[in-house]
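What follows is one structure encoded as C-alpha cells, with my remarks underneath.
The shown structure was predicted, so the numbers you read here are calculated from the model rather than taken from an experiment.
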Amino acid sequence: MDKKTIEMMGKIMDTERMGYAYVYPSDGGTMGERIPMGKGNPREEYLIATTPENLADFISSHHDAQRITVTDIADRPLLDVGGGFINGSPGPGIRTKIINRLAKIQAGEMTAGEVLQLDRSKSDAYFAAEDRAVTMAEYGMELG
C-alpha cells in the first residue's frame with residue numbers, strides 16, 4: 001500500500017464523516033443521450049468524506065456525470081445527484097451548504113478544494129490490511 005493512499009485515508013477518517021460515492025459517467029453522446037445504467041455503463045466507486053464542503057467539491061469535480069449516488073459507510077442512501085438536482089436528505093442544513101458552495105464554484109467565485117476521495121478498491125485494500133493487522137495482534141496476545 002502506498003504512502004499517498006494511507007495519507008488520503010487518514011484525511012478522510014479525520015473528518016469523522018465518510019461514505020461511498022457511486023459515479024455513473026455519461027456516455028459522451030450528443031443531445032443529452034445517455035446509456036441506461038446497467039447496460040454497459042460502468043460506474044466508478046469511491047470512499048469519500050461526506051462533509052458538505054467535500055460533497056460540493058466532489059460533485060463539481062464530476063460535473064459531467066450522468067448520476068452520482070452518495071451513501072453513508074453502511075451504504076444507506078444520503079443523496080442522489082442527477083439532471084441538475086440534488087435529492088435526498090443528508091442531514092439538517094447540509095443540502096443547503098452543498099448547494100451554496102457548489103453555486104460559488106460553478107459561478108467562479110471560489111475554487112474547489114482538495115477532494116477527499118479514494119478509489120473504492122484502494123480503500124477496501126486498506127480496510128483488509130487493517131483487519132489483518134488487528135487479527136495478528138489479537139493472535140499474538142493469545143500466544144503471549
Applying ring pair (Phe, Tyr, Trp, His ring centres under 6.0 Å), run through H62 and Y46 and close with a yes or a no. CA-CA 12 Å; H62 293 88; Y46 302 94; 5.5 Å; yes

Given the rule in the salt bridge (charged side-chain N to carboxylate O under 4.0 Å, His left out) test, do E45 and R120 qualify, once you have shown the distances and angles that lead to the verdict? CA-CA 5 Å; E45 298 182 9; R120 176 84 182 251; 3.8 Å; yes

Assess the residue pair M18 and T50 against the criterion (side chain to side chain contact (heavy atoms under 4.5 Å, CB included)); give the C-alpha distance rounded to whole Å, side-chain angles, the decisive distance to 0.1 Å, and a yes or no. CA-CA 5 Å; M18 60 183 178; T50 57; 5.5 Å; no

With salt bridge (charged side-chain N to carboxylate O under 4.0 Å, His left out) as the test, would you mind laying out the steps for K97 and E53 before giving the verdict? CA-CA 7 Å; K97 289 178 183 177; E53 298 80 17; 5.9 Å; no

Stepwise side chain to side chain contact (heavy atoms under 4.5 Å, CB included) test for N100 and T96: CA-CA 6 Å; N100 289 340; T96 302; 3.6 Å; yes

Can Y20 and L47 be said to form a side chain to side chain contact (heavy atoms under 4.5 Å, CB included), step by step? CA-CA 5 Å; Y20 296 108; L47 175 76; 3.7 Å; yes

Salt bridge (charged side-chain N to carboxylate O under 4.0 Å, His left out) between R17 and D72, worked out: CA-CA 8 Å; R17 296 191 55 156; D72 65 11; over 6 Å; no

Show, in sequence, the C-alpha distance, side-chain angles and deciding distance for E130 and R132, and conclude whether the salt bridge (charged side-chain N to carboxylate O under 4.0 Å, His left out) test is met. CA-CA 5 Å; E130 192 175 67; R132 282 192 300 275; over 6 Å; no

Test log, rule side-chain hydrogen bond (donor to acceptor under 3.5 Å, both in side chains), inputs T5 and D2: CA-CA 6 Å; T5 297; D2 63 21; 2.5 Å; yes

Hey, mind stepping through K3 and M8 against side chain to side chain contact (heavy atoms under 4.5 Å, CB included) and telling me if it holds? CA-CA 9 Å; K3 183 178 178 180; M8 180 56 74; over 6 Å; no

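Cluster annotation: L55 is not connected to I73 through the hydrophobic network of ILVMFWY side chains, with a link wherever side-chain heavy atoms come within less than 4.5 Å. Criterion: ILVMFWY side-chain heavy atoms under 4.5 Å apart, direct or through other members. Under it, M13 and I48 are not part of a common hydrophobic cluster. By the criterion of side-chain heavy atoms lying less than 4.5 angstrom apart, applied directly or through intervening Ile, Leu, Val, Met, Phe, Trp or Tyr residues, L116 is grouped together with F127 in one hydrophobic cluster.
Using a 4.5 Å heavy-atom threshold, the side chains of F58 and I68 count as touching. The shortest distance between side-chain heavy atoms of T71 and L78 does not fall below 4.5 Å.
A distance-only check finds no donor-acceptor pair linking the side chain of D57 to the backbone of V115 [under 3.5 Å]. T135 places a side-chain N or O within donor-acceptor distance of the main-chain N or O of D131, the cut-off being under 3.5 Å. With S26 contributing its side chain and D64 its backbone, the two residues share a donor-acceptor pair below 3.5 Å.
Enclosure of atom CD in E109 by more than 12 non-hydrogen atoms of other residues, nucleotides or ligands within 6.0 angstrom is indicated.
The shortest non-hydrogen separation linking P25 to V23 is CD-O, 3.3 Å. Nearest heavy atoms, I98 versus A56: O-CB, 3.7 Å. Residue I105 comes nearest to T111 through the heavy atom pair CG1-C, 4.5 Å, listed as atom of the first residue, atom of the second, then distance. Between Y126 and M1, the shortest heavy-atom distance links the atoms CA-CE, 3.3 Å. Shortest non-hydrogen contact noted between L118 and M9 is CD2-SD, 3.7 Å. Heavy atoms only, all atoms of each residue included: S60 and L102 are closest at CB-CD1, 3.7 Å.
Here OG1 of T51 is found 8.0 Å from CZ of R101. Values are rounded to the nearest 0.5 Å. To the nearest 0.5 angstrom, L79 atom CG is 5.5 Å from I59 atom CD1.
In this structure, a donor-acceptor pair under 3.5 Å is present between the side chains of D75 and Y22.
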